[in-house]
Every structure is written in C-alpha cells, then in structure tokens.
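Lettering follows sequence order; numbering is per chain, from 1.
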There are 2 protein chains.
Amino acid sequence: MATGRTHRPATRSRGIPEATVARLPLYLRALTGLSERSVPTVSSEELAAAAGVNSAKLRKDFSYLGSYGTRGVGYDVEYLVYQISRELGLTQDWPVVIVGIGNLGAALANYGGFASRGFRVAALIDADPAMAGKPVAGMPVQHTDDLEKIISENGVSIGVIATPAGAAQQVCDRLVAAGVTSILNFAPTVLSVPDGVDVRKVDLSIELQILAFHEQRKAGEEAAVAEAAASAAAVVPPVRAAGSGRKGPDGDMPAVMPA
Amino acid sequence: MATGRTHRPATRSRGIPEATVARLPLYLRALTGLSERSVPTVSSEELAAAAGVNSAKLRKDFSYLGSYGTRGVGYDVEYLVYQISRELGLTQDWPVVIVGIGNLGAALANYGGFASRGFRVAALIDADPAMAGKPVAGMPVQHTDDLEKIISENGVSIGVIATPAGAAQQVCDRLVAAGVTSILNFAPTVLSVPDGVDVRKVDLSIELQILAFHEQRKAGEEAAVAEAAASAAAVVPPVRAAGSGRKGPDGDMPAVMPA
DNA sequence: CCATCTTTGTGCACGCGTTCACAAAGACAT
DNA sequence: ATGTCTTTGTGAACGCGTGCACAAAGATGG
C-alpha cells in the first residue's frame, strides 16, 4: 500500500503509527454505538472486545493520542468520541466526488455511510453523455468535461474512482491535476500518482482470491497429498516456455512441479 | 543445459507469509495483462513496476512458491500465471453466494470481476419478500428462508455479506452454521465467528476516514500551529464526564487537552 | 570453450507492529 | 486517612515484513 509520506519534522512528534490510524475508525464506530446507548464510560477490555482487537493494542493506540483514560474506571465515551473524531479530521466537512456512476458508483452514492461522518458527496461524475443530468441518489450526474470546474468550485480534495480499469489512470491524473490529493480507488488497477497524493485501494476480486487461498488450504488439510496429485494429473499445466520456443529444450524443467 | 537439477524437495512449506498471499493476486493481474499481449517472459523489475511493488519483494514472494525464474532472463509469463493461479486455488470453481441485494449487493452481482477468475455467483439472497424472484444480474433473487438449502445444494464455502449492519451477524451465523468457512463482509460491523472461519472486511467508511486523517495532516503542515489553535478555540469539546455527572469535579481534567 | 553480462534467489540487518507483564494512578470502601 | 481493588499507560521482548546487496546461475557472444 502506498503510504506516500512526505517526511517532515512536524511541529510535534505527530508520529501516529499507520496501523493505529487504520484502527481509529473502528474504535470510533464502537464508541458511537455506546454513546447512542448512553453508556458513560467503557474499559479498554470492553471496548477492545466491541472493536474486535486486543485490549493492550487498544490502550497503546490511545496512548499515541494522549492520556484520555482514568485508571480504575476506563474511558469517558463522549470525550473519546470527540478526541478520535478530531484526530481523524472528522470535525470538518469533506466534500467528495465520485467518478464513474455504474453499478458500483451508484451504490456508493446511495451508501449512507458516507454522509454519516463528515463526508458529503459533492458531485457525481460520469463520462457517458447519456448519464448527464440523470438523477442518482437524488443528485444529477455531471459530465466528465466539467470535472476540473467541479473540483475547484467545491474545494474537493478527496476523490472516489469507480470507473472501469481502463479509464482509472486517466481519471486519476485529471483529479490530481485539478487539486485532489486523496483518492479511494475501486478500479482494479495500480494507479501511479505523484508524491503527496494518497491512494487507497479497494479491490473486491483480490479479497476473494485471498479467501480462496485460505479456503483451498483448509480443504487441503484433510486430503492433502491425494488432492494435489489428482489435481496435477487432471489439469495439464502449460509447458515451460511453450510460447517463446526460443529457449533451451523444455526437458530442463519438469512440466509438473512437485506438489 | 541442466546437469543434475537438484530439485528443492520441501518447497511445500505451508508457510507462505500472509503479506505475500495478499500480493499474489496483484502479480496475477499484471501477468494476465502481459499474457494477453503475448509477452513471453518478464523480469522481476518489469513485473514489479507493473504491480507497483519493490522488485526485491517480488522476487522474495516468488521464492516462497519455488524457483520459477531463469537467471539472466526472467520469468515465463504463462508458467507463472499457472503457478500463481494454482497456489491461490483459482484452478477450481468457487461457488459464491451474495446475501443482501441492496444497492451494493446488486453492484457486486453485476461486477464482472467475480466471474473472471474461478468465482461463480451461485445465488443471490435477500430477506425482503418483495425481492424474491426478481431478477438481478440475470439471476432470480432468493429468499433468506432457503439460505441453508442453497448453501448445501451448491456446495458453497464462500459467502459475501452486503446486508445492513444490523442483520450482518445473524446472516453470518446462519452462513457458518450451513457450512460456509470464508466470508467477505461489506457490512460495517465486527463479525464474530468460530475458529476455522476466515473473515475479510471491506469498509468504505473506514477507508475514507483514513484518507481524511492524512488529508488533514497535509493541510495542517502549511499552517500547523495556527490551525490547531483556531480549531480548538472554535469548536468546543465536550467537557469531561459531562453526561454522567456522577464522577469527580470536572475541573480535574482540562476541557482542551494539549495538542 | 571461455569470458562477459544479465537477472534471479537469498542472507542479513533494520524497523514496525504486536503482545506480555507490571508498576503507577486513581476510585472506592472503611 | 489508609488500604484495597480496578484499570490504565508503557517498557521490553519478540516476530514479521521490507529492502539492501551480492553471490550464484545461466544466457549470450566471441
């Protein structure tokens, strides 16, 4: 993951570990739930359980923000909600544009989770002229031609890319050129961006493939060797260097690697 | 030419690092692109650039799978595609169910990336009776009542949860009870599952919040101290333990913690 | 057949993140 | 006020992941 950090000796040693930052939203969500149930305080143990993490990890995470707990009691829920929100920058308004209003883009536009926490969908943008003006999630889709104008007029610094893979890099370049410095990419492509621009990637296909790997291992633990042998016999793997044909004889490498 | 090729006997060390597994789909995607352009071989440097990673990291990743490269030349594209596919378990068919056919669920059902690599949407399931029978992505939505039957009849071991947060845990429990052992969760909730079940989480809101954190830092680097002071003065943070009122005097903690 | 050149595979060191374990801090009861 | 009990905050150890740097392997050219 590209963390694209511009190293700067910040005013204070603002070195909150990246792993901690990634968990803060998790804590915030758990705390919000407690807040709605008017729970006044919570211990690190309880909160850690709600967030699905280790309690020691949670305490260390909070220690990077400051000493917000009370020994013997726990953490004040409301106070902690405020502190984390402020640390994450959620006390301000973040206008966001979504580019690519296909199935996924429309789903994102309708997703309530955006508006819930400081994020506001400022515009929906699509390259298809037929989409222009069409309302999605109660908001007219605008054409890509106006991308730069929309970005600058709304002061957008966060962009969401939900286009097909082929268009993603081009859209990304235009977003960056127009002033966007944070991008959430749903397109299955590696985006290249200049320093100072953050990119986070959400890739459904990759997540599934990772699950498949573990699933295969789980299944293989029962009939490990037998299954591997059968599969190797059933599926014929491509012979080494079959296409090029300009290399040495293919006898130098067995067609089927030992499984 | 090969003299006596000393085949490494124990390539099957089951310990492929998790970080490596997470990158294999990335390599596979880059390799597929090369394969479609009929590129016969690729060096670690080139492939690493295409996948957006360090070349040394890529070589080390591949070394966990075995010695599939040729020194002085690089890696055979077709051969590597096969090896990674096999390692990820993509040479077999993975039936998948999607539970929760709202905006996101429908988008997932329509997403071509699923079918492209061994994954097949076996069923769409929703709790709303009005949805039952309605076609989404050319497939009739089925009711939650039949969840267990669908899982067992199709031999499904991977489930995708795209329901609202409130229903996620219940759906998860039923999936697991029915035999699902891998879950991709899009609902903004922490799922608790028994040992042996893998859960991966995709959370749009969290990704945005992480971006907001970095975005705030980038903005803060220009007018760091001034901004912090102004924001602290403008926004009044909740006084410590304001709601509970049963604790000590609130003077024991400053209303604004030092930033 | 030998020399040179390219590229892999990996030993090693380093830094980050996680976890344990415990002293210090504070609430609460007496 | 003093003691006990709960819970935080953190020092320290450990393990994993990353990146450097280089020797070995093999292709290529003379």
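- Rounded to whole angstrom, the span from the CZ atom of A:F62 across to the P atom of D:dG9 amounts to 9 Å.
- For B:Y64 and D:dG17, the shortest distance from a side-chain N or O to OP1 or OP2 is not below 4.0 Å.
- No donor-acceptor pair closer than 3.5 Å links the side chain of A:E45 to the backbone N or O of A:S55.
- The interatomic distance linking B:K57 (NZ) with D:dC20 (C1') rounds to 13 Å, in whole Å.
- The base of C:dT19 is paired with the side chain of A:K60 by a donor and an acceptor separated by under 3.5 Å.
- Taking the side chain as every heavy atom from C-beta outward, B:F186 and B:L108 approach each other to under 4.5 Å.
- Rounding to whole angstrom units, CG of residue A:L47 and C1' of D:dT7 are separated by 14 Å.
- What separates CG of B:L58 from P of D:dT18 is a distance of 12 Å, to the nearest Å.
- Atoms CD and CZ, from B:E87 and A:R217 in turn, are 9.5 Å apart once rounded to the nearest 0.5 Å.
- Ranked by how close their nearest DNA chain C nucleotide is to the 5' end, B:D61 and B:G72 are led by B:G72.
- Exactly one residue among B:Y79, B:Y75, B:Y68 makes a ring pair (Phe, Tyr, Trp, His ring centres under 6.0 Å) with B:F62. That residue is B:Y75.
- Ranking C:dG17, C:dT7, C:dG9 by closeness to the B:S43 side chain, first place goes to C:dT7.
- In this model, the phosphate group of C:dT8 is approached by a side-chain N or O of B:S44 to a distance below 4.0 Å at OP1 or OP2.
- D:dG19 atom P lies 13 Å from atom CD of B:E45, rounded to whole Å.
- With rounding to whole Å, B:D76 atom CG is found 13 Å from D:dA27 atom P.
- Between the CZ atom of A:R23 and the P atom of C:dC16 there is a distance of 15 Å, given to the nearest Å.
- Between the side chains of A:S182 and A:D198, not a single donor N or O lies within less than 3.5 Å of an accepting N or O.
- Side-chain nitrogen and oxygen atoms of A:N54 include at least one within less than 4.0 Å of the OP1 or OP2 phosphate oxygen of C:dC20.
- Residue side chain A:R71 reaches the base of D:dT8 through a donor-acceptor N/O pair under 3.5 Å, judged by distance alone.
- Distance from the side chain of B:A56 is smallest to D:dC20 among D:dG17, C:dG9, D:dC20.
- Taking atom CD of residue B:E18 and atom P of nucleotide C:dC16, one finds them 22 Å apart after rounding to whole Å.
- Closest contact between the side chain of A:S63 and the listed nucleotides C:dG9, C:dT7, D:dT10 involves D:dT10.
- Note on A:R59: every side-chain N or O is 4.0 Å or more away from OP1 and OP2 of C:dC22.
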